Amino acid sequence: MTSAVEEQLQSEVLDWFSRAARDLPWRAADCSPWGVLVSEIMLQQTPVVRVLPVWREWLARWPSPGDLAAESSGEAVRAWGRLGYPRRALRLHAAATVIAQDHDGHVPRDPVELRALPGIGEYTAAAVSAFAFGDPATVVDTNVRRVLARARSGKALPAMSLNRAEMRLAHENVPADRERAAAWNAGVMELGAIICKARSPVCDVCPIRSHCAWRAAGYPPYDGPPRKGQAWDGTDRQCRGALLQVLRSRDEPIPAEQLALAWADAEQRERCVASLVADQLLQEAPAGHYRLPG
DNA sequence: AAACCGTGGGC
DNA sequence: TGCCCAAGGTT
């Protein structure tokens with residue numbers, strides 16, 4: 001059931017989105033579902049500006065799931081470059097393989113089938129459903145959560161983890177009309193990305209400022225539990241990143257001694273090499289060499 | 001279910 | 001400068 005307030009909110013977001021939407025290649029009318037899927041995986045925890053050049057390279061090189069599936073997973077990891085979280089490249093390659101083998105090379109439209117693909121969780125399944133096929137899914141990412149927390153709940157930031165009340169609120173706010181639902185999903189995300197930002201929101205130009213509960217309450221600060229930032233210096237993640245960067249830089253297998261140049265601490269280095277092998281991001285080669293997976 | 005998994009830019 | 005955050009998923 002859509003209330004009058006919700007309809008007003010929807011119209012304001014839709015009107016704003018029709019004017020202010022960024023011209024992103026995965027939003028082009030001729031972008032394939034595969035192109036949308038690749039963008040969604042790349043955009044997980046990764047800013048748009050960093051994704052753009054890599055996405056273009058991937059779509060030019062592998063225009064269909066079958067094209068990527070025909071490559072080695074190592075090539076996917078190499079082409080992932082410095083986007084971060086390289087297991088995404090591995091899972092995207094695995095998803096392409098499943099799509100090629102079990103879905104006749106076509107990205108599935110059913111959210112349940114999407115959700116079953118490696119690397120695709122609730123958000124990405126809904127996003128592909130909505131953005132690739134125009135289906136009326138409920139897309140809830142960090143942007144949507146923040147916009148709803150502010151506009152509808154009057155809070156500076158959403159809870160630490162997505163809960164049922166939030167999902168219900170998000171679902172209630174999706175327009176019933178199919179076309180409006182698709183535009184709403186894209187529009188709320190866009191609003192969160194470029195207006196209702198986490199750090200410095202630009203409320204002065206927000207299209208829904210007159211309906212924002214957070215604004216009405218006088219912008220109360222975040223009052224939830226402290227958010228613990230992730231450590232970085234000296235962590236296994238930093239070590240793994242340094243090791244993989246060396247592996248990406250050359251086609252040939254790399255001797256273990258060269259990996260030692262990338263990370264001095266032998267114990268941590270060996271632990272991380274082992275974890276990269278276990279993750280199938282790394283492969284042992286003859287004579288104490290290592291390479292990206294073939 | 002808390003912890004882990006990369007990377008770089010903005011403030 | 002250091003800290004926070006970016007279209008999350010998996011275990």
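Here the structure is a predicted model, which means the values were calculated and not measured. Both backbone and side-chain heavy atoms feed into the values below; hydrogens, waters and symmetry mates do not.
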Margin query: Is it the case that the side chains of Y123(A) and E40(A) hold a donor-acceptor pair, with the cut-off being a distance below 3.5 Å and no angle test?
Written below: yes
Notebook entry, point to check: Could you give the CD-to-C1' distance, from Q268(A) to dC4(B), as a whole number of Å?
Noted result: 14 Å
Note to self: Using a 6.0 Å cut-off, check whether atom CD of E252(A) has over 12 heavy atoms from anything other than its own residue.
What the structure shows: yes
Notebook entry, point to check: Which nucleotide in the set dG8(C), dA7(C), dC11(B) lies at the smallest distance from any side-chain heavy atom of S200(A)?
Noted result: dC11(B)
Item checked: E190(A)/R27(A) ion pair, N-O < 4.0 Å -> yes
Item checked: Residue whose closest nucleotide on DNA chain C lies nearer the 5' end, R199(A) versus S39(A) -> R199(A)
Check: Between atom CG in L117(A) and atom C1' in dG8(C), what is the gap in whole Å?
Finding: 16 Å
Check: Expressed in angstrom and rounded to an integer, what is the separation of L282(A) atom CG from dC5(B) atom C1'?
Finding: 16 Å
Notebook entry, point to check: Which nucleotide, dC11(B), dG6(B), dG9(C), lies nearest any side-chain atom of Q44(A)?
Noted result: dG9(C)
Notebook entry, point to check: Starting at the 5' end of DNA chain B, which residue's closest nucleotide do you reach first, V49(A) or Q45(A)?
Noted result: Q45(A)
Check: Is it the case that more than 12 heavy atoms not belonging to R164(A) sit under 6.0 Å from its CZ atom?
Finding: no
Item checked: Length of the line joining L37(A):CG and dG8(C):P, which is rounded to integer Å -> 15 Å
Check: Among dG9(C), dG10(B), dT7(B), which is the nearest nucleotide to the side chain of R87(A)?
Finding: dG9(C)
Check: How close or far is atom P of dA7(C) from atom OH of Y85(A), stated in whole angstroms?
Finding: 13 Å
Notebook entry, point to check: Any idea which of dA7(C), dG6(B), dC5(C) is nearest the A198(A) side chain?
Noted result: dC5(C)
Check: Within the pair R248(A) and dT7(B), is there a side-chain N or O less than 4.0 Å away from OP1 or OP2?
Finding: yes
Check: Between R50(A) and K197(A), which is nearer to the 5' end of DNA chain B once each is assigned its nearest nucleotide?
Finding: R50(A)
Check: If you look at every strand shown and take non-hydrogen atoms under 4.0 Å, does I120(A) touch a base, only sugar-phosphate, or nothing?
Finding: sugar-phosphate
Item checked: Proximity to the side chain of E40(A) - top-ranked nucleotide from dC5(C), dA7(C), dT7(B) -> dA7(C)
Next item on the list: Please report the closest heavy-atom contact between L282(A) and P293(A), naming both atoms and the distance.
Entry: N-CD, 4.1 Å
Checklist line | Where T138(A) and A126(A) come nearest, the two heavy atoms and their spacing | finding: O-CB, 3.6 Å
Item checked: Q230(A), nearest nucleotide to its side chain (from dT10(C), dC5(B), dA7(C)) -> dC5(B)
Check: Among the nucleotides dA7(C), dG6(B), dA6(C), which one has an atom lying closest to any side-chain atom of T46(A)?
Finding: dG6(B)
Check: Which nucleotide, dA7(C), dC11(B), dG6(B), lies nearest any side-chain atom of R240(A)?
Finding: dG6(B)
Item checked: Interatomic distance at P, dG8(B) relative to dG9(C), whole Å -> 23 Å
Check: Looking at residues 131-164 of chain A, who's got a heavy atom less than 4.0 Å off DNA chain B?
Finding: none
Notebook entry, point to check: Within the structure shown, what part of the strands sits under 4.0 Å from L24(A) by heavy-atom distance: base, sugar-phosphate, or nothing?
Noted result: base
Check: Under 3.5 Å, is there a donor-acceptor pair between the S73(A) and H93(A) side chains?
Finding: no
Notebook entry, point to check: Separation of W80(A) atom CH2 from dG8(B) atom C1', in whole Å?
Noted result: 16 Å
Note to self: Ignoring hydrogens and geometry beyond distance, is a side-chain donor-acceptor pair present between R88(A) and Q45(A) at under 3.5 Å?
What the structure shows: no
Next item on the list: With P as the reference atom in both, quote the distance from dA7(C) to dC4(B) in angstrom, rounded to an integer.
Entry: 23 Å
Notebook entry, point to check: With the 4.5 Å side-chain cut-off for hydrophobic clustering, are M189(A) and W55(A) part of the same group?
Noted result: no
Item checked: Integer-rounded Å distance: dC5(B) C1' and R82(A) CZ -> 16 Å
Item checked: Interatomic distance, H93(A) NE2 vs dG9(C) P [rounded to whole Å] -> 21 Å
